[in-house]
Number of protein chains: 2
Amino acid sequence: MGEGVEWALHSCVNLAWAGPDRAVSAARLAAWHDLPTAYLNKQLQALARAGIVTSAPGPRGGFRLARPLADISLMDVVAAVEGPEEAFRCAEIRQQGPGGGPAASYAAECAVAQAMGRAELAWRRELAAQSLDDVRQQAERQAPDAPRQLRDWLASR
Amino acid sequence: MGEGVEWALHSCVNLAWAGPDRAVSAARLAAWHDLPTAYLNKQLQALARAGIVTSAPGPRGGFRLARPLADISLMDVVAAVEGPEEAFRCAEIRQQGPGGGPAASYAAECAVAQAMGRAELAWRRELAAQSLDDVRQQAERQAPDAPRQLRDWLASR
DNA sequence: ATAACCTGGATACTAGATATCCAGATTAGA
DNA sequence: TCTAATCTGGATATCTAGTATCCAGGTTAT
């Protein structure tokens, strides 16, 4: 699991704190947590392609949330940043070597892949069940003045 | 998720099919699915350290299951091969840059990490709920003569 | 017109997964 | 006792995917 996921999740919450009337540039989002600007920008582009944020070029441009945090699940962000690939990739080793029979006998998915797939499904379900707004609320409980600090810092530029 | 997981799961089922009275060497287990012997051996060593299989050196040596398949969960194997590390590693970027306050305010785990941790817990729970014997039964449903083929092939060496 | 900003491609760097090899220890069987 | 088969664990090499940077081109507010 790449770091980009953590960056993207925090960035979405930060965009919510910045407010819908202010676009935030990749450079500012990166500076706020001391991340490499160009690389964070790549993650933000992925969020934009997935329709999670909108982007605008030019002065006063940057990124905005495309919809309320409550309508964005962790699964949305993970899928946007990590891509559609499964964590467990079945290489079908059962078909290789003396243990492999004729190709016709492999219509059904390997039992190992099925079992691992069930676990991955549970993971996705749990990710889909949690919204970014849940994360924001918990973060504000831990640091109630985080939103204000961010807005002040953005305003002073 | 490394390929070693798939190899280890198949190898455990193969060991069950070989039967408890026969130790199978890493070389034979690897040849059965055309895997690199030395590297599969590393995964088997990890299983041995985790107490999932037992190993014996010398002629007629090799690996055996340490307990019945029904008492081995997918989680046991994944933990043995992949190590204890979480898939999502929180880099605590919230503490970095202007967004980071005094270190004292980070007693609680980051809200992002908490949410991702819940999903990973669901994944682990599902892995722990499935035993290797479930996988074996499903595999035998798909290929009823797989156990016999393996035993014949082992006997002919 | 200028400067701020996103987009996407090309490219380099790095860490971890994959793979191989070897010297040493253990043991069955002749 | 000797030999050959086998595991153990460390050292090392290779490959892949993630991380990171840069640049040329396009858009837009002021």
Side-chain angles (χ1 to χ4, degrees), chain A residues 1-8 11 15 18 21-31 33-64 66 78 80-89 91 93 96 154 157, chain B residues 1-8 11 15 18 21-31 33-64 66 78 81-89 91 93 154 157:
Chain A
M1 172 117 300
E3 288 189 82
V5 171
E6 184 180 3
W7 300 1
S11 293
L15 286 178
D21 50 337
R22 183 204 312 269
V24 187
S25 73
R28 292 204 214 300
L29 278 173
H33 286 310
D34 200 19
L35 301 173
T37 301
Y39 193 40
L40 173 65
N41 191 41
K42 291 262 186 274
Q43 322 294 344
L44 293 170
Q45 284 182 31
L47 293 180
R49 276 190 293 270
I52 295 171
V53 303
T54 62
S55 61
R60 310 289 298 166
F63 297 90
R64 281 180 174 83
V78 169
V81 172
E82 291 280 297
E85 203 153 324
E86 305 237 330
F88 178 85
R89 281 159 301 193
I93 66 168
Q96 302 171 2
L154 287 174
R157 306 229 143 190
Chain B
M1 172 118 299
E3 289 190 80
V5 171
E6 184 180 2
W7 301 1
S11 293
L15 285 177
D21 49 337
R22 182 205 311 271
V24 187
S25 73
R28 292 205 214 299
L29 278 173
H33 285 310
D34 200 20
L35 302 174
T37 302
Y39 193 41
L40 174 64
N41 191 42
K42 291 263 186 275
Q43 322 293 344
L44 293 170
Q45 285 181 31
L47 293 181
R49 277 191 291 272
I52 295 172
V53 303
T54 62
S55 61
R60 313 286 299 165
F63 296 90
R64 282 180 174 83
V78 170
V81 172
E82 290 281 298
E85 203 152 324
E86 304 238 329
F88 178 85
R89 281 160 301 195
I93 65 169
L154 286 174
R157 306 234 142 184

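Just so it is clear, the model here is predicted, and its values are computed rather than measured. Chain naming here is simple, since letters A, B, ... match the order of the sequence lines and numbering starts at 1 in each.
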A/Pro57, nearest nucleotide to its side chain (from D/dA4, C/dT7, C/dC6): C/dC6

base_contact_polar (D/dG18 base, A/Lys42 side chain, donor-acceptor, <3.5 Å): no

Among C/dT20, D/dA5, D/dA20, the one nearest B/Pro59 by side-chain distance: D/dA5

CD-NE2 distance between A/Glu6 and A/His33, expressed to the nearest 0.5 angstrom: 9.0 Å

Spacing of B/Leu44 atom CG relative to D/dC7 atom P, expressed in whole Å: 8 Å

Rounded interatomic separation in angstrom, taking CG from B/Leu40 and C1' from D/dT8: 15 Å

Inter-residue atom distance A/Arg22.CZ - A/Leu15.CG, 0.5 Å rounding: 11.0 Å

Side chain of A/Ser25 - closest among D/dT30, C/dC5, C/dT20: C/dC5

Toward the 5' end of DNA chain C, by each residue's nearest nucleotide, A/Ser55 or B/Gln43: A/Ser55

Separation of D/dA17 C1' from A/Glu86 CD (nearest whole Å): 18 Å

Gap separating the OG1 atom of A/Thr37 from the CG atom of A/Asn41, nearest 0.5 angstrom: 8.5 Å

Along DNA chain C (nearest heavy atom to each residue), the more 5'-positioned of B/Arg89 and B/Pro36: B/Arg89

Residue A/Arg28, side-chain atoms from C-beta onward, closest of D/dC22, D/dT8, C/dC5: C/dC5

Sugar-phosphate only, base, or nothing, as touched by A/Ala23 at under 4.0 Å among non-hydrogen atoms: nothing

Protein-nucleotide distance (A/Glu3, atom CD; C/dG16, atom P), rounded to Å: 11 Å

Atom pair distance, as rounded to whole Å: CE in A/Met1 and P in D/dA17: 16 Å

B/Thr37 side chain near C/dT20 phosphate (N/O to OP1/OP2, under 4.0 Å): no

Distance, rounded to the nearest Å, where A/Tyr39 contributes OH and C/dC6 contributes P: 18 Å

Nearest listed nucleotide, side chain of A/Ala48, among D/dT21, C/dG8, C/dT7: C/dT7

Sugar-phosphate, base or nothing in reach of A/Ala27, heavy atoms under 4.0 Å: nothing

Whole-Å gap separating P (C/dA4) and CG (A/Leu29): 18 Å

Spacing of NZ belonging to B/Lys42 relative to CG belonging to B/Leu47, to within rounding of 0.5 Å: 13.5 Å

Euclidean distance, B/Phe63 CZ relative to B/Leu29 CG, rounded to 0.5 Å: 8.0 Å

Closest nucleotide among C/dT7, D/dC7, D/dG9 to the B/Gln45 side chain: D/dG9

Atom-to-atom span, CZ of A/Arg49 to C1' of C/dG8 - whole angstrom: 8 Å

